[in-house]
Amino acid sequence: MGTWPEFYKYMAKFDPLYIFEKEAKDQMRMVLNSLGAEEDLLLPGLKLHQHSDYAFVCFATAGPLGMKPQELAEKLVAGIGDNPLFEKIENVGPYVNFYIDRKELALRTMEMVTRTKDRYGSFDMEGQPPKVILEHTSANPTGPLHVGRARNPIIGDTMARILRKRGYDLDVQFYVDDMGKQLVILTWGHENITGLDVESDRADHKFVKYYQEANRLMEEDTSINEEINKLISIYEEDGDAEISKKVRKNCEDILDGMLAPMRRLDVHYDSFAWESKYVRDGSVKQVIDKLRASEFTGEDEGALFLDLSHEQLNKAGRENKLFLTRSDGTSLYTTRDIGYHLEKLANSNIAINVLGEDHKLKAWAVNACLQILEKGSVDISSCDSDPVEILFYAFVSLPEGKMSTRKGHVVYMDDLIEEAVSRALDEVEKKRPELPDEIKHGIAEIVGVGAIRYNIIRVQAEKQMTFKWEEAMNFEGNSAPFIQYSHARASSILRKTTPPENFDPGLLVHDSELDLIKTLAKFPSLIFKCADDRTPHIIASYAYELASLFNQFYRDCPVLSAEEDIMGSRLNLVKCSKMVLQNALNTLGIVAPEEM
RNA sequence: GGGCGCGUAGCCUAGCCAGGAUAUGGCGCUAGCCUUCUAAGCUAGAAGCCAGGGGUUCGAAUCCCCUCGCGUCCGCCA
């Protein structure tokens with residue numbers, strides 16, 4: 001990123017708060033230096049804080065300087081003196097508090113929002129941006145996506161939007177598992193089972209029934225079991241072009257069906273990686289040969305395994321072998337995944353996967369193998385040395401227990417979306433009966449779908465969730481419709497008058513106005529941090545906070561009835577708020593409606 | 001049995017990585033606010049041994065150790 005002043009100029013271009021933070025730090029550094037502090041003592045406590053805009057906590061620094069914390073705080077305040085960027089800099093006991101000059105902040109923030117519009121909160125990388133491959137969803141193409149799986153695409157797609165705003169060159173990939181047994185089983189079912197009630201225009205819904213029935217038949221009839229197993233090995237060896245073609249066709253159809261609810265949720269993929277490719281092109285065989293030659297693997301009746309009892313791999317557990325091939329030498333899922341990831345690493349600077357917590361061991365093994373293949377040794381001491389970065393999420397369960405297609409304990413995404421949109425439509429009918437039907441349906445779709453995305457993304461990925469209809473359908477309080485409603489309110493004001501080009505931000509002096517501006521200012525630095533920390537759920541909190549502050553402003557500060565100068569300033573604040581609400585919602589993949 | 005993750009008011013949840021000043025919001029509950037830019041909104045109130053116990057520290061929801069509870073994995077399945 002270059003030298004410090006260059007970085008400063010870079011950040012100041014995108015983040016209106018940056019100059020204030022830098023100035024506070026520079027001032028602190030200057031005074032601390034004059035007091036004889038070492039460089040590493042300077043800034044342990046300088047951060048955003050509830051009691052002021054920036055606060056420096058003096059405890060850690062005072063001791064080594066031979067001062068009492070409060071004494072240091074007083075010296076700092078005296079040494080810094082007045083500063084045009086800050087309204088006031090004062091100490092409260094051992095704390096030094098910086099209060100940003102609100103007029104200065106309003107000016108800079110509103111200027112930046114007005115100028116950059118939908119790019120506010122987006123960063124450009126300097127030079128060639130790093131290439132990131134983000135893999136998400138990658139669900140087995142056997143049937144419709146259910147709610148238990150829904151966390152993956154929503155976390156993935158939101159993360160993708162954040163990384164794009166951060167400026168990365170992003171490729172979002174869906175890894176299609178077309179080598180597994182399930183596809184062959186389901187293809188056999190489709191060819192051989194008749195009389196099944198499968199009316200549906202969606203391949204995923206149709207095929208899941210053949211899949212379930214074929215599984216049942218396999219269990220009760222050994223001859224069918226054998227027949228299908230034979231088919232599986234023919235397919236794996238690509239021994240019959242006709243069979244391969246059929247399986248691929250079914251896979252594509254199911255995949256297309258599965259992605260229908262994703263399209264409705266505005267979840268996007270840039271490319272699809274087909275598992276079979278890595279078997280057919282020989283890369284999996286190369287992986288196997290190379291791993292077989294390494295000191296980290298062993299063989300058990302011809303089956304290759306990763307030896308987890310090896311001192312560098314010491315991963316405890318009852319079973320210390322993680323198998324990489326079958327006895328007949330054919331590959332297993334994990335091994336093919338390594339082939340895929342080798343290609344990924346070759347084509348990217350950063351590879352990120354979104355995975356359920358059940359994949360932890362496998363993901364760990366893939367990373368270990370990638371290290372073995374790359375450098376012949378393994379470092380499992382920290383995730384930082386992992387070639388592939390993983391975002392894990394905990395499962396969504398139903399109140400009655402785990403979601404299971406087999407037991408019928410499932411809520412499909414399609415049903416969830418249908419229900420959400422239908423409930424949203426009820427609300428629109430109640431609240432806006434005068435609107436034409438077409439508009440009502442449009443709003444219901446936006447609101448229902450938004451509510452689902454929001455309720456899934458708002459919770460930290462690694463926390464377990466229990467799916468409850470009442471919560472998923474929440475249209476008030478901490479929910480997408482709450483935020484959308486604020487946006488609609490802002491739009492409604494702006495439909496009535498156009499904000500003047502020239503206005504005085506200094507007229508915005510009400511606490512509600514100032515709090516709102518401060519929150520508008522935080523958006524870019526938040527995107528930056530959420531991108532680097534991989535924490536998409538924080539954007540949900542932010543959007544809610546912003547909407548809430550806009551609603552308070554809406555209550556406290558009449559816009560259209562205000563005196564002309566003030567109206568001009570407020571109209572511009574509404575315009576900026578609308579813009580940032582829209583950008584925040586867009587980051588969450590949620591549509592910002594003009595009315596609702 | 002072992003690995004990994006989670007545990008914050010009746011319910012859901014932020015903060016935890018980089019320890020500091022009265023622990024963030026929502027749902028629900030109680031009491032209010034629509035002749036005024038959309039009340040899917042706003043205001044006020046009650047409600048917390050931050051799972052439990054030790055430790056480190058001037059200071060711990062946050063760091064370390066132990067215990068308990070929940071989830072998940074430990075297939076020549078994917």
Side-chain angles (χ1 to χ4, degrees), chain A residues 44-45 47 49-52 55 57-60 63 69 92-95 97 140 142 177 179-183 275 300-305 308 314-330 332-334 336-337 356-362 364 392-395 397 402 424 427-428 430-432 447 451 455 458-466 468 470-471 474-486 488-497 533 537-538 540-541 544-545 547-548 551-552 554-562 570-571 574 595-596:
Chain A
K47 53 169 81 165
H49 201 274
Q50 56 178 326
H51 289 271
S52 58
V57 184
C58 292
F59 290 95
V92 178
Y95 303 93
N97 292 329
N140 285 343
T142 48
D177 179 13
M179 278 304 289
K181 296 176 176 181
Q182 353 85 16
L183 266 174
E275 186 181 20
D300 203 349
E301 292 172 21
L304 184 70
F305 61 84
L308 301 187
N314 215 336
K315 198 84 174 168
R318 271 199 200 108
E319 185 53 69
N320 278 322
K321 296 169 183 171
L322 197 146
F323 282 91
L324 296 167
T325 73
R326 303 192 181 98
S327 298
D328 63 7
T330 54
L332 294 168
Y333 175 83
T334 310
R336 290 173 229 134
D337 210 18
E357 60 180 340
D358 55 333
H359 281 74
K360 274 185 185 175
L361 182 62
K362 265 86 66 181
W364 176 88
F392 289 109
Y393 61 90
F395 282 153
S397 57
K402 214 174 145 174
E427 290 294 310
V428 185
K430 241 184 282 170
K431 277 153 181 148
R432 305 294 302 281
V447 167
N455 277 304
R458 57 179 261 265
V459 180
Q460 201 192 331
E462 296 217 306
K463 278 199 179 175
Q464 300 155 215
M465 289 180 98
T466 304
K468 296 188 186 107
E470 322 81 80
E471 279 172 21
N474 185 20
F475 289 170
E476 53 188 21
N478 191 2
S479 70
F482 177 98
I483 303 159
Q484 292 171 316
Y485 183 65
S486 290
R489 276 179 151 181
S491 306
S492 169
I493 293 174
L494 294 171
R495 263 197 303 276
K496 296 184 167 85
T497 323
D533 293 351
H537 68 285
I538 301 294
S541 312
Y544 175 78
E545 184 193 341
S548 178
N551 284 338
Q552 287 164 43
Y554 185 92
R555 171 203 62 201
D556 291 332
C557 307
V559 177
L560 299 173
S561 59
R570 286 183 177 165
L571 276 168
V574 172
E595 64 176 329
M596 63 186 274

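Values below: all heavy atoms of this structure, side chains included; hydrogens, waters and symmetry mates excluded. Just so we're on the same page: letters track the sequence lines, and every chain starts at 1. Quick caveat: nothing in here was measured; it's all calculated off a predicted structure.
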Check your understanding: B:U43, B:A14, B:G20: which one has an atom nearest the side-chain heavy atoms of A:V57?
Key -> B:G20
Point to revise | C1' atoms of B:G48 and B:G25, separation to the nearest Å | key: 14 Å
Practice item. Determine the Euclidean distance between corresponding C1' atoms of B:U22 and B:G15; express it in Å to zero decimal places. Key: 16 Å
Check your understanding: Counting any heavy atom closer than 4.0 Å, what does A:V574 reach on the DNA or RNA strands: base, sugar-phosphate only, or nothing?
Key -> nothing
Review point. Using atom P of each nucleotide, how far apart are B:A60 and B:A14 to the nearest Å?
Key: 24 Å
Check your understanding: Contact class for A:F395 (heavy atom, under 4.0 Å): base, sugar-phosphate, or nothing?
Key -> sugar-phosphate
Review point. How far, in whole Å, is B:C37 from B:A46 if one measures between their P atoms?
Key: 33 Å
**Study point:** Polar side-chain contact A:Q464-B:G5 base: donor and acceptor under 3.5 Å
**Key:** yes
Practice item. Would you indicate what A:I538 reaches in the nucleic acid, counting non-hydrogen atoms under 4.0 angstrom: base, sugar-phosphate, or nothing? Key: sugar-phosphate
Study note, to complete from the structure: Considering only heavy side-chain atoms of A:F475, the closest of B:A18, B:A40, B:G20 is B:A40
Check your understanding: For B:C42, which nucleotide in any strand shown is its Watson-Crick or wobble partner with both distances under 3.5 Å?
Key -> B:G32
Revision key, fill the gap. Judged by nearest nucleotide, the residue sitting upstream toward the 5' end of RNA chain B, A:Y95 or A:D328, is A:Y95
Check your understanding: When you compare B:C64 with B:C17, how far apart are their C1' atoms, in angstrom units rounded to a whole number?
Key -> 15 Å
Exercise for review: In whole angstrom, give me the gap between the P atoms of B:G71 and B:U24.
Suggested key: 31 Å
Review point. Where the side chain of A:N455 meets the backbone of A:A451, is there a donor-acceptor pair that is under 3.5 Å apart?
Key: yes
Check your understanding: Under the ring-ring contact (aromatic ring centres under 6.0 Å, His included) test, which residues partner A:F323, sequence neighbours left out?
Key -> A:F305
Review point. Centre of A:F395's six-membered ring, under 6.0 Å away, within 45 degrees of the axis: is that where NZ or CZ of A:K402 sits?
Key: no
Study note, to complete from the structure: Applying the 3.5 Å cut-off to both distances, the Watson-Crick or G-U partner of B:A18 turns out to be none
Study note, to complete from the structure: As its Watson-Crick or G-U partner within any shown strand, both distances under 3.5 Å, B:G71 has B:C4
Review point. A:A488 near the nucleic acid: base, sugar-phosphate alone, or nothing, with a heavy-atom cut-off under 4.0 Å?
Key: base
Practice item. Just call it for A:E595: base, sugar-phosphate, or nothing, with non-hydrogen atoms closer than 4.0 Å on any strand. Key: base
Point to revise | Among B:A14, B:A40, B:C37, the nucleotide that comes nearest once only the side chain of A:L560 is considered | key: B:C37
Practice item. Write down the atom of A:F482, the atom of A:S548, and the distance for their closest heavy-atom approach. Key: CE2-N, 3.6 Å
Review point. Can you tell me if the side-chain N/O atoms of A:K463 get under 4.0 Å from OP1 or OP2 in B:A14?
Key: yes
Exercise for review: Report which part of the nucleic acid A:V559 touches: base, sugar-phosphate, or nothing (heavy-atom distance under 4.0 Å, all strands).
Suggested key: base
Check your understanding: In whole Å, what is the span from the CZ atom of A:R458 to the P atom of B:G26?
Key -> 12 Å
Check your understanding: Please give, in whole Å, the distance from B:G10 P to A:E471 CD?
Key -> 16 Å
**Study point:** Nearest non-hydrogen partners of A:R570 and A:A562, listed with the distance
**Key:** NH1-CB, 4.0 Å
Exercise for review: Examine the base of B:A40 for any acceptor or donor lying under 3.5 Å from a partner atom in the side chain of A:N551, and report the outcome as yes or no.
Suggested key: no
Exercise for review: Determine the contact category for A:C557: base if any of its heavy atoms lies under 4.0 Å from a base atom, sugar-phosphate if only primed atoms, P, OP1 or OP2 are that close, otherwise nothing.
Suggested key: base
Check your understanding: Syn versus anti for B:C34, judged by chi lying within 90° of 0?
Key -> syn
Check your understanding: So which one's nearest nucleotide on RNA chain B is more toward 5', A:S492 or A:N474?
Key -> A:N474
**Study point:** Smallest separation among heavy atoms of A:H537 and A:R458, with atom names
**Key:** CB-O, 3.7 Å
Exercise for review: Compare all side-chain heavy atoms of A:L322 with those of A:L361 and state whether any distance is below 4.5 angstrom.
Suggested key: yes
Review point. Does A:S327 get its side chain close enough to the base of B:C76, under 3.5 Å, for a donor-acceptor pair?
Key: yes
